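Following: one structure in structure tokens, then a few remarks.
As the structure lists them, so they are numbered: ligands from 1, and atoms in each ligand from 1. It should be emphasised that the depicted structure is a prediction, and the values quoted were computed from it without experimental measurement.
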Amino acid sequence: MSLAPDTLERIARARADLRMGLPVVLTDAGTGALVISAETLTPARLEAITALPGRAELTLTARRAETLKARPYDVDLARIPLPDGATQDWIRALADPADDLVHPMKGPLVAAREGSAQIHRVALKLAKSARLLPAVLVLGVADPMRFAHESDLTLLPAGPTSALLEEASTMQSVVSARLPLAVSEAGRLHVFRPEDGGEEHYAMEIGQPPRDKPVLARLHSACFTGDVMGSLKCDCGPQLRGALTQMGAEGAGVLLYLNQEGRGIGLANKMRAYSLQDQGFDTVEANHRLGFEDDERDFRLGAELLQRMGFASVRLLTNNPRKIAMMEKAGIAVTERVPLKVGENPFNQAYLATKARKSGHLL
Ligand SMILES: Nc1nc2c(ncn2[C@@H]2O[C@H](COP(=O)(O)OP(=O)(O)OP(=O)(O)O)[C@@H](O)[C@H]2O)c(=O)[nH]1
Ligand SMILES: [Zn+2]
């Protein structure tokens, strides 16, 4: 076996590179381009990029382009050729909506129509998977393999990278150990690690639920602010504790703690969304202004963890119909929806109402 990294392993490297402000190189059908995150771009690297031949394109999702009134000619994204003398601040202001209301007029921004957007599309996916703002600078390079080699940059083929980013990663069971909880002394925590080098996920098993019967289950997405800090802006903390309490009372259950903070956009972006919410946008609008979809989570992960633990059917504690649909689609039967309505307060009333109105949450 070769010691060199395969594409999946290179993707994990690329995520780390982008987060540190390093470029990566993507190839597609004989072409290639340097890609760097707009969020972590430094003035020195911008200078190095503008010194290269060609014109870099700032690539934004159609969601972000809509706010900026740039035409997304590539349907799901817009490519804005970098004007001469564009500064890091200019790029940052297009990528990050923090100051949209203070400096609303960024344009007019004329998006590119010519050329393939395939590398740009995969670059945005990579930025999202690195939990960065979905905004990247892309500059075509003539000999991508040589370019990557000379600058010691991670080189990735766009097509396979895109396919791997779409796939649900295989989970390895790392360890499990007894963990007595306040709600039940018969607790056991399982740790799972994805093969793609992404975040670990956990399963809290209460009692010894029989594998051949529907288990009381909850797919809980991490919420540092709600679960740990006791934030009043959402209902996550009370939902987490409510689910565990119910499992303790029934003597059996499994709570999957999925590290999909902020509906899959990461804590930094969720805090950016919270800032926008303080400017008057709701939870869905804030995600869109940042360039994300309403919900970037992939619940196949939850189904895979349940299957690995030997469960085929669940009584699912949720108010979210998408979770039920995605469980069923991934092969886990949902025999019953168990409502989980706890923790409403004056600070999260509007948030819960928005989820019911725009995201179809059941009341
Ligand atoms: N992007 C974003 N994420 C948020 C916001 N408020 C809470 N979250 C995240 O939303 C997720 C909440 O997940 P869940 O508890 O699974 O909630 P749900 O999808 O409403 O489904 P159920 O609780 O099962 O009904 C957590 O990852 C939170 O971090 C917000 O305003 N913006
Ligand atoms: Zn929360």
List ligand 1's nitrogen or oxygen atoms that come under 3.5 Å of a protein nitrogen or oxygen, with the partner atom and distance.
unit_1: ligand 1; atom_1: 1 (N); unit_2: Gly262; atom_2: O; d: 3.2
unit_1: ligand 1; atom_1: 1 (N); unit_2: Asn287; atom_2: OD1; d: 3.0
unit_1: ligand 1; atom_1: 6 (N); unit_2: Tyr351; atom_2: OH; d: 3.2
unit_1: ligand 1; atom_1: 13 (O); unit_2: Arg297; atom_2: NH1; d: 3.2
unit_1: ligand 1; atom_1: 15 (O); unit_2: Arg218; atom_2: NH2; d: 3.0
unit_1: ligand 1; atom_1: 15 (O); unit_2: Gln239; atom_2: OE1; d: 3.3
unit_1: ligand 1; atom_1: 16 (O); unit_2: Arg297; atom_2: NH1; d: 2.9
unit_1: ligand 1; atom_1: 16 (O); unit_2: Lys323; atom_2: NZ; d: 2.5
unit_1: ligand 1; atom_1: 19 (O); unit_2: Arg297; atom_2: NH1; d: 3.4
unit_1: ligand 1; atom_1: 19 (O); unit_2: Arg297; atom_2: NH2; d: 2.7
unit_1: ligand 1; atom_1: 19 (O); unit_2: Asn320; atom_2: ND2; d: 2.9
unit_1: ligand 1; atom_1: 20 (O); unit_2: Lys355; atom_2: NZ; d: 2.4
unit_1: ligand 1; atom_1: 20 (O); unit_2: His361; atom_2: NE2; d: 2.7
unit_1: ligand 1; atom_1: 21 (O); unit_2: Lys323; atom_2: NZ; d: 3.3
unit_1: ligand 1; atom_1: 23 (O); unit_2: Arg218; atom_2: NH2; d: 2.9
unit_1: ligand 1; atom_1: 23 (O); unit_2: Gln239; atom_2: OE1; d: 2.9
unit_1: ligand 1; atom_1: 23 (O); unit_2: Gln239; atom_2: NE2; d: 3.1
unit_1: ligand 1; atom_1: 24 (O); unit_2: Arg218; atom_2: NH1; d: 2.7
unit_1: ligand 1; atom_1: 24 (O); unit_2: Thr318; atom_2: OG1; d: 2.5
unit_1: ligand 1; atom_1: 24 (O); unit_2: Lys323; atom_2: NZ; d: 2.8
unit_1: ligand 1; atom_1: 25 (O); unit_2: Thr318; atom_2: OG1; d: 3.4
unit_1: ligand 1; atom_1: 25 (O); unit_2: Asn319; atom_2: N; d: 2.8
unit_1: ligand 1; atom_1: 25 (O); unit_2: Asn320; atom_2: N; d: 3.3
unit_1: ligand 1; atom_1: 27 (O); unit_2: Ala222; atom_2: O; d: 2.9
unit_1: ligand 1; atom_1: 27 (O); unit_2: Gln260; atom_2: O; d: 3.2
unit_1: ligand 1; atom_1: 27 (O); unit_2: Gly262; atom_2: N; d: 3.2
unit_1: ligand 1; atom_1: 27 (O); unit_2: Arg263; atom_2: N; d: 3.3
unit_1: ligand 1; atom_1: 29 (O); unit_2: Ala222; atom_2: O; d: 3.2
unit_1: ligand 1; atom_1: 29 (O); unit_2: Glu261; atom_2: OE2; d: 3.1
unit_1: ligand 1; atom_1: 29 (O); unit_2: Gly262; atom_2: N; d: 3.0
unit_1: ligand 1; atom_1: 29 (O); unit_2: Lys270; atom_2: NZ; d: 3.1
unit_1: ligand 1; atom_1: 31 (O); unit_2: Gln277; atom_2: NE2; d: 2.8
unit_1: ligand 1; atom_1: 31 (O); unit_2: Thr283; atom_2: OG1; d: 2.9
unit_1: ligand 1; atom_1: 32 (N); unit_2: Thr283; atom_2: OG1; d: 3.4

Contacts of Thr31 that satisfy side-chain hydrogen bond (donor to acceptor under 3.5 Å, both in side chains) - sequence neighbours left out: none
Side chains of Thr161 and Arg10: do they bring a donor and an acceptor to under 3.5 Å? no
Strictly by modelled atom types, are His120 and Glu57 linked by a side-chain donor-acceptor pair under 3.5 Å? yes
Hey, does Leu34 have a side-chain heavy atom less than 4.5 Å from the side chain of Val138? no
Can you tell if the side chain of Arg19 reaches within under 4.5 Å of the side chain of Leu132, non-hydrogen atoms only? yes
Within the distance-only criterion (no hydrogens, no angle test), does the side chain of Arg45 pair as donor or acceptor with the backbone N or O of Ile36 below 3.5 angstrom?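 It does not hold such a pair.
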Test item: Glu250 side-chain N/O and Met247 main-chain N/O as donor-acceptor pair under 3.5 Å: no
Side-chain atoms of residues 221-234: list all donor-acceptor pairs with protein atoms under 3.5 Å, sequence neighbours left out, distances to 0.1 Å.
unit_1: Ser221; atom_1: OG; unit_2: Gln260; atom_2: OE1; d: 3.3
unit_1: Ser221; atom_1: OG; unit_2: Arg297; atom_2: NH1; d: 2.7
unit_1: Thr225; atom_1: OG1; unit_2: Lys270; atom_2: NZ; d: 2.7
unit_1: Asp227; atom_1: OD1; unit_2: His220; atom_2: NE2; d: 3.0
unit_1: Asp227; atom_1: OD2; unit_2: His220; atom_2: NE2; d: 3.2
unit_1: Asp227; atom_1: OD2; unit_2: Cys223; atom_2: N; d: 3.0
unit_1: Asp227; atom_1: OD2; unit_2: Tyr257; atom_2: OH; d: 2.6
unit_1: Ser231; atom_1: OG; unit_2: Lys233; atom_2: N; d: 2.9
unit_1: Lys233; atom_1: NZ; unit_2: Gln277; atom_2: OE1; d: 3.4

Proximal protein heteroatoms (N, O or S) of the Zn ion (ligand 2), under 2.8 Å: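 Cys223 SG, Cys234 SG, Cys236 SG, with waters left out.
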Between Arg121 and Asp76, does any NZ, NE, NH1 or NH2 come within less than 4.0 Å of an OD or OE carboxylate oxygen? yes
